[in-house]
Number of protein chains: 2
Amino acid sequence: MTTEQMQGVESGKQAGGLGDAAYREMKERLIRGVYRPGHKMTVRAVAEELRVSSTPARDAINRLAADAALVYAGPKTVIVPILTEVDLKEITLIRIALEGLAAEQAAQHGESQDIDGLGEIQQKINAALDGKDYRAALWHNKEFHFRVYRMSRLPHLVTMIEGLWLRVGPSLYNLYPEFAEEKYGVRNHEMAMEALCERDGAALRAAFENDIRDGYRRLRRAARESGAVE
Amino acid sequence: MTTEQMQGVESGKQAGGLGDAAYREMKERLIRGVYRPGHKMTVRAVAEELRVSSTPARDAINRLAADAALVYAGPKTVIVPILTEVDLKEITLIRIALEGLAAEQAAQHGESQDIDGLGEIQQKINAALDGKDYRAALWHNKEFHFRVYRMSRLPHLVTMIEGLWLRVGPSLYNLYPEFAEEKYGVRNHEMAMEALCERDGAALRAAFENDIRDGYRRLRRAARESGAVE
DNA sequence: GTACTCATTTTGTTGCAACAAAAATGTGAA
DNA sequence: TTCACATTTTTGTTGCAACAAAATGAGTAC
């Protein structure tokens, strides 16, 4: 087999190395909201927390910065990004364009077996919401979205969308008590599942665009009330 | 001044270091088509070419891989990506979504001083085309597009679009003699300038979408004839 | 109290050597 | 000739020490 033939589509580094493990661990912590926006990331601190030497820690920070999951706040400082309202608005515009495209394509290429799992995920969201486990609700909400996006059979697109969620994640997960109000997104998700069954690309796109816009409004309001964005 | 306040929007690493210089040099070479698609990138080879040690060379390769400007072709091999027809089609879909959005927003936020330069750039494109300097034509074409995209005042979006161009670049620039036929894109660019003067977002979006689709068809045809994609 | 200077500490960067894993190459048998 | 296997070479990874640049904080003059 030539090297050309096995060229994968994943942008992530092949698994196995310490640097890769550090990258994924930090990414997970970022999404889960372990670090507050504005938190300063230093090579040595990451190295110590993850019990690795400076090289893999540095690799992880560099990759996160390349993903815009960390941002440069000075010549020698990287921090967890603090989303401004302007940033949030821009990212929402991009999300609507990209996730709308993914949804529309999903309606065309999704197979029934892909669709089946969606109902279960929605039940998990509802259950989590009822139990006031907002963190779980947000997690399953993410599952719901990406289950659909992957149906588009456009892997580059899914990777780019993941990057966008990664940027919003830290701010979002620190806001979840206020953010995940009663029955967030349930209605949009129901409409999405209907549209998907009918293979109606335009309707599916509309459902997701609505969901994103709803989420944006709630997030902005919650952020303003808590002062988490500027 | 707090570090939070000077948080920039650029995803690129702050300039100055050797690793950053290596990254930019390799990026430039990639876009210019110095390396053929499929070319294997090794840390030591890059280090020697750029006269740096392995650390900055490794940094550069990692960042390029994070940009998807290089891809992993095995556990220990990164290569210049070989665009498949499927990849090209997907990236074109994404480009239409993102560059269409940028164009539409540019119509709203572009100021007259931004618009003025476009005519000059178009003249450069025409001159290069007349002189059969296809490389220059492609370069000025890129200038034209990004001049408009930057008018959108959506810096994250522009960065993402740059990433897409970077992926297509190596394949594109190796095809330019066949690709840049007579008067490529001139008509679409004229329509774009008209739409921009009239602040007609929908028309500007349409002009750019057409331009991207035209380019896609030409590139696909040229690629099929030369066998540069699979 | 404020602003400025300078020493100290923190922090990212770089180069390099040792290591492990994968690829390439050579060898021998069928 | 072809295939399997062992050997050699190539190559990415890691840890670390030395270095330079930036952030920090104390002290001082105004």
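Order of the sequence lines sets the chain letters (A, B, ...), proteins ahead of strands, with each chain counted from 1. None of these values were measured; they are calculated from a predicted model.
- Partners of E120(B) under the salt bridge (charged side-chain N to carboxylate O under 4.0 Å, His left out) rule, at least two apart in sequence or in another chain, do not exist in this structure.
- In terms of the ring-ring contact (aromatic ring centres under 6.0 Å, His included) criterion, residue partners of W165(B) (sequence neighbours excluded) are, by chain and number, H145(B), F146(B).
- For the pair K40(B) NZ and dT9(D) C1', the computed distance is 11 Å after rounding to whole Å.
- Distance CE (M41(B)) to P (dT11(D)): 13 Å, rounded to an integer number of Å.
- The distance between atom OH of Y23(A) and atom P of dT13(D), rounded to the nearest whole Å, is 15 Å.
- Atom OH of Y72(B) and atom C1' of dT13(D) are 11 Å apart (whole Å).
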Exercise. In the 5'-to-3' direction, what one-character label does each nucleotide of nucleotides 15-22 of chain C receive under the scheme B = base within less than 4.0 Å of a protein heavy atom, S = sugar-phosphate only, - = no such atom?
Worked result: BB---BBS
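- Sorted by first and then second residue, the salt bridge (charged side-chain N to carboxylate O under 4.0 Å, His left out) pairs involving residues 94-103 of chain B (not counting sequence neighbours) are R95(B)-E99(B).
- Rounded to whole Å, atom C1' of dG12(C) lies 10 Å from atom CG of N62(A).
- With sequence neighbours left out, the salt bridge (charged side-chain N to carboxylate O under 4.0 Å, His left out) criterion links E104(A) to R205(A).
- Classification of D20(A) and R63(A) as a salt-bridged pair holds, one side-chain N sitting under 4.0 Å from a carboxylate O.
- Residue R58(A) places no side-chain N or O under 4.0 Å from the OP1 or OP2 atom of dG12(C).
- Here R44(A) pairs with nothing under the salt bridge (charged side-chain N to carboxylate O under 4.0 Å, His left out) rule; sequence neighbours left out.
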